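Step one of this worksheet: look at the structure below.
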Amino acid sequence: GDAPRATGHHVSSILLDLAIRSSKASSSTLSVGPPDEQGVLRMTMGLIWEDLVGDYLASYIHHVTQIPMEADGIHGTLDGLDISPQLLLYEYKATWKGEANAIADGWRWFAQIKAYLKMIGARDAVLRVLHLCPYPRIRSYRLAFSQDEINENWHMLRQHCDYLESQNATTPVTPNPNLYPRPGQP
C-alpha cells in the first residue's frame with residue numbers, strides 16, 4: 001500500500017514537535033527540515049522494512065497495510081492492521097539503536113501506537129522492530145494498553161494540536177515518503 005500522506009497535522013509530526021519542545025528525545029534522534037543523505041538512507045530502511053513485513057503478513061493473514069486514518073482532525077497512517085478475528089494494530093520500526101536503547105527511548109513509538117489504537121477503537125498492538133546494530137536482529141513485542149492510557153495519550157496529542165493551531169504554527173517537516181517514491185510509484 002502506498003497511500004499518500006494526508007495534509008494537516010499528522011500523529012508523527014505532532015509527536016516530533018512535542019519531543020523537540022519537551023526534550024523527550026536526544027537531539028541525535030530528532031530531525032527538523034528536509035532529510036540529509038543519511039536521513040534519506042535511514043528512512044529508506046524503514047520503508048523497506050514496512051513493505052517487506054507488511055507484504056509478507058498480507059499474504060498469510062487478513063492483514064491490510066498503509067491505512068490512512070483521521071480522528072478529531074489528526075491524521076495517521078497505520079503500518080498494518082489484522083482485521084480477523086479482532087482488530088490488531090501492527091507497527092513496524094527499523095532502528096540503528098540496540099534493543100535496550102530503542103525500547104527505553106521509544107516514547108514516540110508508544111505514543112504513536114496509542115494514537116492509532118484510539119483511531120481504530122482497539123487496545124492491542126504488535127510492534128515489530130528491526131534492530132540494525134550491533135548486528136541485525138528482529139524483535140516482536142505484543143502490547144496491550146489500558147483505555148485510560150490510550151485516552152490520556154490522545155488528550156495530550158489533541159491539546160498539542162490545538163496549541164499548534166492557536167499559534168497558527170506548522171509542525172516540523174518530517175520525512176514524507178511521497179517525496180521519495182517507492183519502486184513502482186509514479
Side-chain angles (χ1 to χ4, degrees), residues 1-36 38-40 42-44 46-47 50 54 64-81 87-95 102-125 127 143-182 185-186:
D2 297 317
R5 182 170 280 214
T7 57
H9 294 293
H10 194 277
V11 169
S12 58
S13 296
I14 296 167
L15 290 171
L16 176 60
D17 192 75
L18 273 167
I20 290 167
R21 292 173 190 269
S22 66
S23 302
K24 282 197 180 279
S26 67
S27 60
S28 65
T29 64
L30 300 177
S31 59
V32 179
D36 59 11
Q38 288 297 314
V40 171
R42 284 191 303 271
M43 183 176 55
T44 301
L47 293 173
E50 285 179 12
V64 183
T65 60
Q66 296 298 304
I67 306 157
M69 300 289 293
E70 183 274 331
D72 296 336
I74 297 174
H75 300 274
T77 307
L78 312 182
D79 285 349
L81 184 64
L87 292 179
L88 181 62
L89 175 70
Y90 283 82
E91 185 65 26
Y92 314 120
K93 299 293 184 187
T95 182
I103 297 304
D105 293 341
W107 172 81
R108 285 185 7 213
W109 291 0
F110 295 116
Q112 180 183 20
I113 290 168
K114 287 184 274 189
Y116 292 164
L117 289 171
K118 177 72 173 181
M119 290 178 162
I120 64 171
R123 294 181 29 206
D124 298 317
L127 172 62
L143 308 171
F145 296 98
S146 71
Q147 196 60 53
D148 285 344
E149 289 175 301
I150 292 168
N151 290 341
E152 287 170 16
N153 184 72
W154 190 256
H155 180 71
M156 172 191 66
L157 287 174
R158 190 61 255 162
Q159 273 192 312
H160 196 66
C161 188
D162 289 345
Y163 166 78
L164 292 170
E165 290 170 359
S166 75
Q167 301 298 308
N168 212 13
T170 58
T171 48
V173 175
T174 55
N176 181 342
N178 298 316
L179 296 177
Y180 309 95
R182 298 174 184 195
Q185 270 189 303

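Predicted, not measured: the structure shown is a model, and the values here were computed from it.
At a threshold of 4.5 Å between non-hydrogen side-chain atoms, the residues W109 and L143 do not count as touching. In this structure the side chain of Q66 reaches within 4.5 angstrom of the side chain of E50, judged on heavy atoms. Taking 4.5 Å as the limit, every side-chain heavy atom of N153 sits out of range of all side-chain heavy atoms of F110. Counting heavy atoms from C-beta outward, K118 and D72 have side chains that stay 4.5 Å or more apart. Between L15 and L157, some side-chain heavy-atom pair lies under the 4.5 Å cut-off. Residues T77 and H10 have side chains in contact (heavy-atom distance under 4.5 Å, counting atoms from C-beta outward).
One finds the OH atom of Y90 at 10.5 Å from the CG atom of D124 (value rounded to the nearest 0.5 Å). One finds the CG atom of L18 at 7.5 Å from the CG atom of L164 (value rounded to the nearest 0.5 Å). Taking CG of L87 as the start and CD1 of I120 as the end, the distance is 5.0 Å to the nearest 0.5 Å. To the nearest 0.5 Å, atom CG of residue L117 and atom NZ of residue K114 are 9.5 Å apart. H75 contributes atom NE2, which lies 9.0 Å from atom NE2 of H9 (distance to the nearest 0.5 angstrom).
Here the closest non-hydrogen pair linking L78 and L89 is CD2-CD1, 3.9 Å. A115 and W154 make their closest contact through O-CZ3, 3.8 Å (heavy atoms, listed as atom of the first residue, atom of the second, distance). Here the closest heavy-atom approach between residue I14 and residue C161 is recorded as CD1-CB, 4.0 Å. Contact record, A144 with E149: O-OE1, 4.5 Å, taken as the closest heavy-atom pair. The shortest heavy-atom contact between I74 and M119 is O-CE, 3.1 Å. Here the closest non-hydrogen pair linking A94 and G46 is CB-CA, 4.0 Å.
At distances below 3.5 Å, not a single donor-acceptor pair connects side-chain atoms of R123 with backbone N or O atoms of S146.
The pair R158-E165 meets the salt-bridge criterion, with a side-chain N (NZ, NE, NH1 or NH2) lying under 4.0 Å from an Asp/Glu carboxylate O.
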### Task
Show your reasoning for whether side-chain hydrogen bond (donor to acceptor under 3.5 Å, both in side chains) applies to Y116 and Q112.
CA-CA 6 Å; Y116 292 164; Q112 180 183 20; 3.1 Å; yes

